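Because the structure is a prediction, the values reported are computed rather than measured. Naming convention: chains lettered A, B, ... in sequence-line order (proteins, then strands); numbering from 1 in each chain.
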2 protein chains.
Amino acid sequence: MNQFEEKTIKSETVFNGRIIDVQVDDVMLPNGKTSKREIVKHPGAVAIIPVSKNNKIIFVKQYRKPLEKVLVEIPAGKLEEGESPEITALRELEEETGFTTKNMNYVSSFYTSPGFADEIIYLYETNSLEKLTELKELDEDEFVELIELSIDEAEKLIATQEIHDIKTIYAILYLKSKGMK
Amino acid sequence: MNQFEEKTIKSETVFNGRIIDVQVDDVMLPNGKTSKREIVKHPGAVAIIPVSKNNKIIFVKQYRKPLEKVLVEIPAGKLEEGESPEITALRELEEETGFTTKNMNYVSSFYTSPGFADEIIYLYETNSLEKLTELKELDEDEFVELIELSIDEAEKLIATQEIHDIKTIYAILYLKSKGMK
(Lines give C-alpha, C1' and ligand atoms only; values in the text may rest on other atoms or scores of the structure.)
Protein backbone atom coordinates (compact mmCIF):
# COMPACT_ATOMS: atom_id res chain seq x y z
CA MET A 1 0.00 0.00 0.00
CA ASN A 2 1.13 3.54 -0.59
CA GLN A 3 0.36 6.94 0.88
CA PHE A 4 -2.00 7.89 -1.95
CA GLU A 5 -4.06 4.74 -2.14
CA GLU A 6 -7.84 5.07 -2.21
CA LYS A 7 -9.42 2.04 -0.61
CA THR A 8 -12.62 0.76 -2.16
CA ILE A 9 -15.45 0.73 0.37
CA LYS A 10 -18.19 -0.16 -2.11
CA SER A 11 -18.30 -0.65 -5.86
CA GLU A 12 -21.51 -0.47 -7.84
CA THR A 13 -21.89 -1.15 -11.54
CA VAL A 14 -24.30 1.47 -12.87
CA PHE A 15 -24.16 0.57 -16.57
CA ASN A 16 -23.38 -2.66 -18.40
CA GLY A 17 -22.83 -1.95 -22.07
CA ARG A 18 -21.70 -3.82 -25.13
CA ILE A 19 -18.31 -2.08 -25.07
CA ILE A 20 -18.03 -0.22 -21.79
CA ASP A 21 -19.23 -0.75 -18.24
CA VAL A 22 -19.50 2.08 -15.74
CA GLN A 23 -19.03 1.72 -12.02
CA VAL A 24 -19.19 4.11 -9.10
CA ASP A 25 -16.77 3.34 -6.28
CA ASP A 26 -17.04 4.73 -2.78
CA VAL A 27 -13.46 5.24 -1.67
CA MET A 28 -11.63 6.05 1.52
CA LEU A 29 -9.19 8.87 0.81
CA PRO A 30 -5.69 9.09 2.33
CA ASN A 31 -7.01 11.62 4.89
CA GLY A 32 -9.74 9.24 6.06
CA LYS A 33 -12.57 11.08 4.32
CA THR A 34 -14.69 9.39 1.69
CA SER A 35 -15.43 10.27 -1.90
CA LYS A 36 -16.96 8.75 -5.04
CA ARG A 37 -15.09 7.76 -8.19
CA GLU A 38 -16.87 7.31 -11.51
CA ILE A 39 -15.03 4.73 -13.56
CA VAL A 40 -15.44 3.59 -17.15
CA LYS A 41 -14.27 0.01 -17.66
CA HIS A 42 -13.00 -0.62 -21.18
CA PRO A 43 -11.56 -3.84 -22.66
CA GLY A 44 -8.44 -2.04 -23.93
CA ALA A 45 -7.44 -1.42 -27.51
CA VAL A 46 -4.65 -1.55 -30.03
CA ALA A 47 -3.47 0.89 -32.66
CA ILE A 48 -1.01 0.38 -35.46
CA ILE A 49 1.06 2.79 -37.54
CA PRO A 50 1.25 1.37 -41.07
CA VAL A 51 3.95 2.92 -43.24
CA SER A 52 3.80 2.06 -46.93
CA LYS A 53 6.69 1.27 -49.28
CA ASN A 54 6.48 4.78 -50.72
CA ASN A 55 6.91 6.24 -47.23
CA LYS A 56 3.33 7.24 -46.53
CA ILE A 57 1.26 6.55 -43.46
CA ILE A 58 -2.02 4.75 -44.00
CA PHE A 59 -4.86 6.33 -42.05
CA VAL A 60 -8.53 5.52 -41.75
CA LYS A 61 -11.23 8.12 -42.00
CA GLN A 62 -14.31 7.32 -39.93
CA TYR A 63 -17.30 8.86 -38.23
CA ARG A 64 -16.95 9.17 -34.47
CA LYS A 65 -20.38 9.38 -32.91
CA PRO A 66 -19.17 10.78 -29.55
CA LEU A 67 -17.78 13.80 -31.44
CA GLU A 68 -20.43 13.85 -34.19
CA LYS A 69 -17.72 14.21 -36.79
CA VAL A 70 -15.32 12.39 -39.09
CA LEU A 71 -11.74 11.94 -37.88
CA VAL A 72 -8.62 10.71 -39.66
CA GLU A 73 -6.84 8.23 -37.38
CA ILE A 74 -4.32 5.43 -37.45
CA PRO A 75 -6.04 2.01 -37.59
CA ALA A 76 -7.22 0.87 -34.17
CA GLY A 77 -9.66 -1.42 -32.49
CA LYS A 78 -10.78 -2.99 -29.26
CA LEU A 79 -9.18 -6.05 -27.74
CA GLU A 80 -11.31 -9.16 -27.88
CA GLU A 81 -11.42 -11.21 -24.72
CA GLY A 82 -8.44 -13.55 -24.52
CA GLU A 83 -6.84 -12.09 -27.65
CA SER A 84 -3.24 -10.88 -27.45
CA PRO A 85 -2.70 -7.24 -28.49
CA GLU A 86 -0.42 -8.28 -31.35
CA ILE A 87 -3.10 -10.52 -32.86
CA THR A 88 -5.68 -7.75 -32.50
CA ALA A 89 -3.33 -5.27 -34.16
CA LEU A 90 -2.82 -7.59 -37.13
CA ARG A 91 -6.56 -8.21 -37.43
CA GLU A 92 -7.40 -4.50 -37.31
CA LEU A 93 -4.68 -3.73 -39.87
CA GLU A 94 -6.10 -6.38 -42.22
CA GLU A 95 -9.76 -5.45 -41.75
CA GLU A 96 -9.36 -1.69 -41.88
CA THR A 97 -6.63 -1.25 -44.50
CA GLY A 98 -6.59 -4.40 -46.66
CA PHE A 99 -2.88 -4.84 -45.91
CA THR A 100 -1.19 -7.49 -43.84
CA THR A 101 2.33 -7.83 -42.46
CA LYS A 102 4.69 -10.49 -41.21
CA ASN A 103 6.66 -7.97 -39.25
CA MET A 104 5.34 -5.47 -36.73
CA ASN A 105 7.15 -3.75 -33.88
CA TYR A 106 5.70 -2.93 -30.52
CA VAL A 107 6.08 0.80 -29.84
CA SER A 108 4.55 1.32 -26.38
CA SER A 109 1.38 1.19 -24.36
CA PHE A 110 -0.47 4.05 -22.72
CA TYR A 111 -3.61 4.95 -20.80
CA THR A 112 -5.82 7.42 -22.62
CA SER A 113 -7.93 8.93 -19.80
CA PRO A 114 -6.57 7.81 -16.43
CA GLY A 115 -8.89 10.16 -14.54
CA PHE A 116 -12.09 8.34 -15.44
CA ALA A 117 -11.33 5.28 -17.60
CA ASP A 118 -9.06 2.24 -17.56
CA GLU A 119 -8.64 2.11 -21.34
CA ILE A 120 -5.11 1.14 -22.36
CA ILE A 121 -3.84 1.22 -25.94
CA TYR A 122 -1.05 -1.01 -27.21
CA LEU A 123 0.68 0.74 -30.09
CA TYR A 124 2.47 -1.07 -32.94
CA GLU A 125 4.19 -0.01 -36.14
CA THR A 126 4.98 -1.77 -39.38
CA ASN A 127 6.70 -0.77 -42.59
CA SER A 128 6.52 -4.14 -44.30
CA LEU A 129 3.02 -4.13 -45.71
CA GLU A 130 1.64 -6.64 -48.20
CA LYS A 131 -1.67 -6.17 -49.99
CA LEU A 132 -4.20 -8.85 -49.07
CA THR A 133 -5.52 -10.69 -52.11
CA GLU A 134 -8.80 -11.37 -50.36
CA LEU A 135 -10.34 -8.54 -48.36
CA LYS A 136 -11.43 -9.14 -44.77
CA GLU A 137 -14.79 -7.95 -43.57
CA LEU A 138 -15.09 -5.02 -41.26
CA ASP A 139 -17.38 -5.17 -38.25
CA GLU A 140 -20.92 -4.75 -39.54
CA ASP A 141 -21.28 -1.29 -37.98
CA GLU A 142 -17.90 -0.01 -39.19
CA PHE A 143 -17.45 2.22 -42.24
CA VAL A 144 -13.98 3.51 -43.07
CA GLU A 145 -12.14 5.08 -45.95
CA LEU A 146 -8.38 4.82 -46.42
CA ILE A 147 -6.11 7.80 -46.85
CA GLU A 148 -2.34 7.68 -47.40
CA LEU A 149 -0.36 10.72 -46.30
CA SER A 150 3.22 11.82 -46.02
CA ILE A 151 4.35 13.23 -42.69
CA ASP A 152 3.99 16.77 -44.09
CA GLU A 153 0.48 16.08 -45.32
CA ALA A 154 -0.49 14.51 -42.00
CA GLU A 155 0.76 17.57 -40.13
CA LYS A 156 -1.49 19.73 -42.30
CA LEU A 157 -4.46 17.62 -41.18
CA ILE A 158 -3.44 18.16 -37.56
CA ALA A 159 -3.55 21.89 -38.25
CA THR A 160 -7.07 21.62 -39.73
CA GLN A 161 -8.12 19.26 -36.90
CA GLU A 162 -9.15 16.49 -39.30
CA ILE A 163 -6.52 14.58 -37.34
CA HIS A 164 -7.49 15.41 -33.77
CA ASP A 165 -7.03 12.37 -31.54
CA ILE A 166 -4.00 11.97 -29.34
CA LYS A 167 -2.90 8.48 -30.43
CA THR A 168 -2.68 9.66 -34.04
CA ILE A 169 -1.02 12.97 -33.18
CA TYR A 170 1.48 11.06 -31.05
CA ALA A 171 2.10 8.50 -33.82
CA ILE A 172 3.00 11.26 -36.27
CA LEU A 173 5.38 12.96 -33.84
CA TYR A 174 6.86 9.55 -33.03
CA LEU A 175 7.64 8.86 -36.70
CA LYS A 176 9.11 12.35 -37.10
CA SER A 177 11.29 11.86 -34.02
CA LYS A 178 12.66 8.70 -35.64
CA GLY A 179 13.68 10.71 -38.70
CA MET A 180 10.80 9.94 -41.08
CA LYS A 181 10.25 12.70 -43.65
CA MET B 1 -24.03 15.69 -44.16
CA ASN B 2 -21.34 13.27 -45.21
CA GLN B 3 -21.22 9.68 -46.41
CA PHE B 4 -20.19 8.35 -42.99
CA GLU B 5 -22.67 10.18 -40.82
CA GLU B 6 -24.58 8.18 -38.23
CA LYS B 7 -27.97 9.77 -37.66
CA THR B 8 -29.29 9.71 -34.12
CA ILE B 9 -32.64 7.94 -33.93
CA LYS B 10 -32.87 7.95 -30.13
CA SER B 11 -30.57 9.08 -27.34
CA GLU B 12 -30.96 7.84 -23.78
CA THR B 13 -28.93 9.02 -20.79
CA VAL B 14 -28.19 5.91 -18.75
CA PHE B 15 -25.97 7.51 -16.08
CA ASN B 16 -25.77 11.02 -14.69
CA GLY B 17 -22.60 11.39 -12.65
CA ARG B 18 -20.71 14.13 -10.92
CA ILE B 19 -18.05 14.19 -13.64
CA ILE B 20 -19.29 12.04 -16.50
CA ASP B 21 -22.65 11.24 -18.05
CA VAL B 22 -23.22 8.16 -20.17
CA GLN B 23 -25.69 7.94 -23.02
CA VAL B 24 -26.69 5.21 -25.43
CA ASP B 25 -27.61 6.40 -28.89
CA ASP B 26 -29.54 4.37 -31.43
CA VAL B 27 -28.05 5.35 -34.78
CA MET B 28 -28.86 4.85 -38.42
CA LEU B 29 -25.68 3.65 -40.17
CA PRO B 30 -24.66 4.77 -43.67
CA ASN B 31 -26.02 1.47 -45.07
CA GLY B 32 -29.45 2.05 -43.54
CA LYS B 33 -29.00 -0.49 -40.75
CA THR B 34 -29.15 0.52 -37.11
CA SER B 35 -26.69 0.14 -34.26
CA LYS B 36 -26.10 1.37 -30.74
CA ARG B 37 -23.33 3.74 -29.62
CA GLU B 38 -22.25 3.98 -25.98
CA ILE B 39 -20.99 7.49 -25.31
CA VAL B 40 -19.27 9.00 -22.29
CA LYS B 41 -19.89 12.74 -22.00
CA HIS B 42 -17.06 14.56 -20.31
CA PRO B 43 -16.69 18.30 -19.61
CA GLY B 44 -13.23 18.42 -21.23
CA ALA B 45 -9.93 19.07 -19.55
CA VAL B 46 -6.68 20.98 -19.68
CA ALA B 47 -3.10 19.91 -19.16
CA ILE B 48 0.00 22.07 -18.79
CA ILE B 49 3.68 21.34 -19.24
CA PRO B 50 5.56 23.37 -16.62
CA VAL B 51 9.29 23.69 -17.29
CA SER B 52 11.35 25.12 -14.44
CA LYS B 53 14.23 27.59 -14.63
CA ASN B 54 16.71 24.74 -14.19
CA ASN B 55 15.21 22.98 -17.21
CA LYS B 56 13.17 20.32 -15.45
CA ILE B 57 9.58 19.36 -16.02
CA ILE B 58 7.28 19.52 -13.02
CA PHE B 59 5.07 16.46 -12.74
CA VAL B 60 2.41 15.43 -10.25
CA LYS B 61 2.25 11.99 -8.75
CA GLN B 62 -1.27 10.85 -7.93
CA TYR B 63 -3.43 7.80 -7.36
CA ARG B 64 -5.66 6.94 -10.29
CA LYS B 65 -8.58 4.86 -9.06
CA PRO B 66 -9.57 3.54 -12.51
CA LEU B 67 -6.10 1.94 -12.76
CA GLU B 68 -5.69 1.26 -9.03
CA LYS B 69 -2.19 2.71 -9.16
CA VAL B 70 -0.10 5.84 -8.84
CA LEU B 71 0.88 7.63 -12.06
CA VAL B 72 3.29 10.47 -12.70
CA GLU B 73 1.61 12.98 -15.03
CA ILE B 74 1.79 16.57 -16.15
CA PRO B 75 -0.65 18.76 -14.18
CA ALA B 76 -4.18 18.52 -15.52
CA GLY B 77 -7.77 19.04 -14.54
CA LYS B 78 -11.32 19.25 -15.72
CA LEU B 79 -12.87 22.33 -17.26
CA GLU B 80 -15.41 24.06 -15.08
CA GLU B 81 -18.57 25.19 -16.80
CA GLY B 82 -18.09 28.52 -18.49
CA GLU B 83 -14.37 28.64 -17.72
CA SER B 84 -11.94 29.18 -20.58
CA PRO B 85 -9.25 26.48 -20.95
CA GLU B 86 -6.46 29.00 -20.32
CA ILE B 87 -7.96 30.01 -16.97
CA THR B 88 -8.40 26.36 -16.00
CA ALA B 89 -4.80 25.61 -16.97
CA LEU B 90 -3.53 28.45 -14.79
CA ARG B 91 -5.72 27.33 -11.88
CA GLU B 92 -4.57 23.72 -12.11
CA LEU B 93 -0.94 24.81 -12.36
CA GLU B 94 -1.33 26.92 -9.22
CA GLU B 95 -3.29 24.36 -7.21
CA GLU B 96 -1.25 21.32 -8.14
CA THR B 97 2.30 22.72 -8.28
CA GLY B 98 2.35 25.89 -6.18
CA PHE B 99 3.72 27.83 -9.16
CA THR B 100 2.04 30.47 -11.24
CA THR B 101 2.91 32.10 -14.54
CA LYS B 102 2.18 35.23 -16.50
CA ASN B 103 3.08 33.57 -19.75
CA MET B 104 1.76 30.30 -21.08
CA ASN B 105 1.60 29.06 -24.66
CA TYR B 106 -1.16 26.99 -26.19
CA VAL B 107 0.30 23.79 -27.67
CA SER B 108 -2.69 21.94 -29.13
CA SER B 109 -5.94 20.21 -28.34
CA PHE B 110 -6.79 16.55 -28.80
CA TYR B 111 -9.47 13.97 -28.16
CA THR B 112 -8.34 11.17 -25.87
CA SER B 113 -10.77 8.34 -26.69
CA PRO B 114 -12.84 9.25 -29.74
CA GLY B 115 -14.37 5.77 -29.94
CA PHE B 116 -16.39 6.07 -26.74
CA ALA B 117 -15.88 9.50 -25.14
CA ASP B 118 -16.02 13.16 -26.12
CA GLU B 119 -13.23 14.22 -23.74
CA ILE B 120 -10.99 16.88 -25.27
CA ILE B 121 -7.78 18.12 -23.66
CA TYR B 122 -6.34 21.59 -24.24
CA LEU B 123 -2.59 21.45 -23.76
CA TYR B 124 -0.45 24.40 -22.65
CA GLU B 125 3.20 24.91 -21.81
CA THR B 126 5.07 27.44 -19.73
CA ASN B 127 8.69 28.02 -18.88
CA SER B 128 8.24 31.20 -16.89
CA LEU B 129 7.25 29.87 -13.51
CA GLU B 130 7.05 31.90 -10.31
CA LYS B 131 6.60 30.34 -6.89
CA LEU B 132 3.32 31.32 -5.24
CA THR B 133 3.81 32.94 -1.86
CA GLU B 134 0.45 31.67 -0.68
CA LEU B 135 -0.49 28.10 -1.59
CA LYS B 136 -3.84 27.40 -3.22
CA GLU B 137 -6.03 24.60 -2.00
CA LEU B 138 -6.43 21.44 -4.00
CA ASP B 139 -9.87 19.92 -4.49
CA GLU B 140 -10.77 18.21 -1.23
CA ASP B 141 -10.49 14.73 -2.77
CA GLU B 142 -7.15 15.42 -4.49
CA PHE B 143 -3.77 14.30 -3.13
CA VAL B 144 -0.68 14.95 -5.19
CA GLU B 145 3.07 15.00 -4.77
CA LEU B 146 5.39 17.04 -6.98
CA ILE B 147 8.33 15.59 -8.83
CA GLU B 148 10.80 17.53 -11.01
CA LEU B 149 12.54 15.57 -13.74
CA SER B 150 14.86 16.21 -16.64
CA ILE B 151 13.85 14.82 -20.03
CA ASP B 152 16.22 11.88 -19.51
CA GLU B 153 14.78 11.13 -16.10
CA ALA B 154 11.25 11.38 -17.43
CA GLU B 155 12.06 8.92 -20.20
CA LYS B 156 13.25 6.44 -17.58
CA LEU B 157 9.86 6.69 -15.90
CA ILE B 158 8.18 5.98 -19.23
CA ALA B 159 10.30 2.81 -19.42
CA THR B 160 9.21 1.75 -15.92
CA GLN B 161 5.59 2.74 -16.69
CA GLU B 162 5.40 5.15 -13.76
CA ILE B 163 4.65 7.61 -16.55
CA HIS B 164 2.04 5.74 -18.54
CA ASP B 165 -0.63 8.12 -19.81
CA ILE B 166 -0.61 9.42 -23.34
CA LYS B 167 -0.86 13.17 -22.63
CA THR B 168 2.31 12.97 -20.50
CA ILE B 169 4.17 10.68 -22.91
CA TYR B 170 3.23 13.05 -25.73
CA ALA B 171 4.32 16.10 -23.72
CA ILE B 172 7.78 14.62 -23.18
CA LEU B 173 8.22 13.75 -26.85
CA TYR B 174 6.94 17.23 -27.75
CA LEU B 175 9.60 18.92 -25.58
CA LYS B 176 12.29 16.65 -27.03
CA SER B 177 11.16 17.45 -30.56
CA LYS B 178 11.61 21.14 -29.74
CA GLY B 179 15.21 20.48 -28.70
CA MET B 180 14.88 20.31 -24.91
CA LYS B 181 17.58 18.17 -23.33
Side-chain angles (χ1 to χ4, degrees), chain A residues 2-6 8 14-15 17-20 22 24-25 27 29-31 33 35-42 45 61-67 70-71 73 76 78 108-119 121 140-141 143 145 158 161 164-167 169-170 173-174 176-177, chain B residues 2-6 8 14-15 17-20 22 24-25 27 29-31 33 35-42 45 61-67 70-71 73 76 78 108-119 121 140-141 143 145 158 161 164-167 169-170 173-174 176-177:
Chain A
N2 68 64
Q3 55 170 321
F4 294 112
E5 188 173 331
E6 298 176 357
T8 309
V14 294
F15 173 67
R18 199 167 53 99
I19 292 160
I20 57 169
V22 181
V24 177
D25 286 5
V27 298
L29 299 171
N31 65 0
K33 294 190 177 174
S35 189
K36 285 186 187 291
R37 300 293 182 210
E38 297 161 7
I39 298 167
V40 176
K41 306 290 281 184
H42 185 280
K61 209 169 164 172
Q62 66 189 311
Y63 190 74
R64 291 304 205 172
K65 188 68 177 73
L67 319 175
V70 172
L71 284 192
E73 301 173 41
K78 287 177 302 293
S108 64
S109 71
F110 43 77
Y111 293 106
T112 53
S113 299
F116 70 92
D118 70 349
E119 185 192 34
I121 292 182
E140 60 175 8
D141 62 353
F143 299 84
E145 188 179 289
I158 294 177
Q161 302 195 329
H164 204 186
D165 75 301
I166 184 63
K167 71 177 175 306
I169 293 172
Y170 174 74
L173 187 57
Y174 167 78
K176 265 190 92 166
S177 76
Chain B
N2 67 68
Q3 54 171 321
F4 294 112
E5 188 174 331
E6 299 176 356
T8 308
V14 294
F15 174 68
R18 198 168 53 102
I19 293 161
I20 57 168
V22 181
V24 177
D25 286 4
V27 297
L29 300 170
N31 65 1
K33 292 188 177 175
S35 189
K36 284 183 186 295
R37 301 292 183 211
E38 297 161 8
I39 298 167
V40 176
K41 306 291 280 184
H42 185 281
K61 210 170 164 172
Q62 66 189 309
Y63 190 73
R64 290 304 204 172
K65 188 68 177 68
L67 319 176
V70 171
L71 284 193
E73 300 171 43
K78 286 178 302 296
S108 63
S109 71
F110 42 77
Y111 293 106
T112 54
S113 300
F116 70 91
D118 69 349
E119 185 193 33
I121 293 182
E140 60 175 9
D141 62 352
F143 299 84
E145 188 179 289
I158 295 177
Q161 301 194 332
H164 202 186
D165 75 301
I166 184 63
K167 71 177 175 305
I169 293 173
Y170 174 74
L173 187 57
Y174 167 77
K176 265 190 91 166
S177 77

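- Annotation: maximal heavy-atom pairing with chain B below 4.5 Å, among A:Lys78, A:Glu145, A:Gln161, occurs at A:Glu145.
- A:Lys41 is linked by a side chain to side chain contact (heavy atoms under 4.5 Å, CB included) to A:Asp21, A:Gln23, A:Ile39, A:Asp118, counting only residues two or more places apart in sequence or in another chain.
- B:Ser109 touches chain A through backbone and side chain together, each having a heavy atom under 4.5 Å away.
- Considering all non-hydrogen atoms of both residues, A:Pro114 and B:Leu67 come closest at CB-CD1, 3.8 Å.
- Ranked by heavy-atom pairs under 4.5 Å with chain A, the first of B:Val24, B:Val14, B:Ile158, B:Ile121 is B:Val14.
- Of the atoms belonging to A:Asp25, it is side-chain heavy atoms, and not backbone ones, that fall under 4.5 Å from chain B.
- Here the side chains of B:Arg37 and A:Asp141 are in contact, with some heavy-atom distance below 4.5 Å.
- Between the OG atom of A:Ser108 and the NE2 atom of B:His164 there is a distance of 7.5 Å, given to the nearest 0.5 Å.
- Remark: B:Lys61 pairs with no residue by the salt bridge (Lys or Arg N to Asp or Glu O under 4.0 Å) rule, at least two apart or across chains.
- Both the backbone and the side chain of A:Glu6 come within contact range of chain B, each with at least one heavy atom under 4.5 Å from a heavy atom of that chain.
- B:Gly115 and A:Pro66 get closest at one heavy-atom pair: O-CG, 3.7 Å.
- Using a 4.5 Å cut-off between heavy atoms, A:Phe116 contacts chain B through both its backbone and its side chain.
- Taking 4.5 Å as the limit, every side-chain heavy atom of B:Ser177 sits out of range of all side-chain heavy atoms of A:Lys176.
- Closest of all the heavy-atom pairs between B:Lys65 and A:Thr8 is NZ-OG1, 2.7 Å.
- Contact of A:Leu71 with chain B is made through the side chain alone, with heavy-atom distances under 4.5 Å.
- Residue B:Thr112 comes nearest to A:Ile166 through the heavy atom pair CA-CG2, 3.8 Å, listed as atom of the first residue, atom of the second, then distance.
- Put simply, NZ on B:Lys36 and CZ on A:Arg18 are 9.5 Å apart, with the number rounded to the nearest 0.5 Å.
- Interface residue B:Phe143: backbone and side-chain heavy atoms are both found under 4.5 Å from chain A.
- Of all heavy-atom pairs between A:Tyr63 and B:Phe4, the closest is CB-O, 3.3 Å.
- Among B:Tyr170, B:Tyr111, B:Tyr174, the residue making the largest number of heavy-atom pairs under 4.5 Å with chain A is B:Tyr111.
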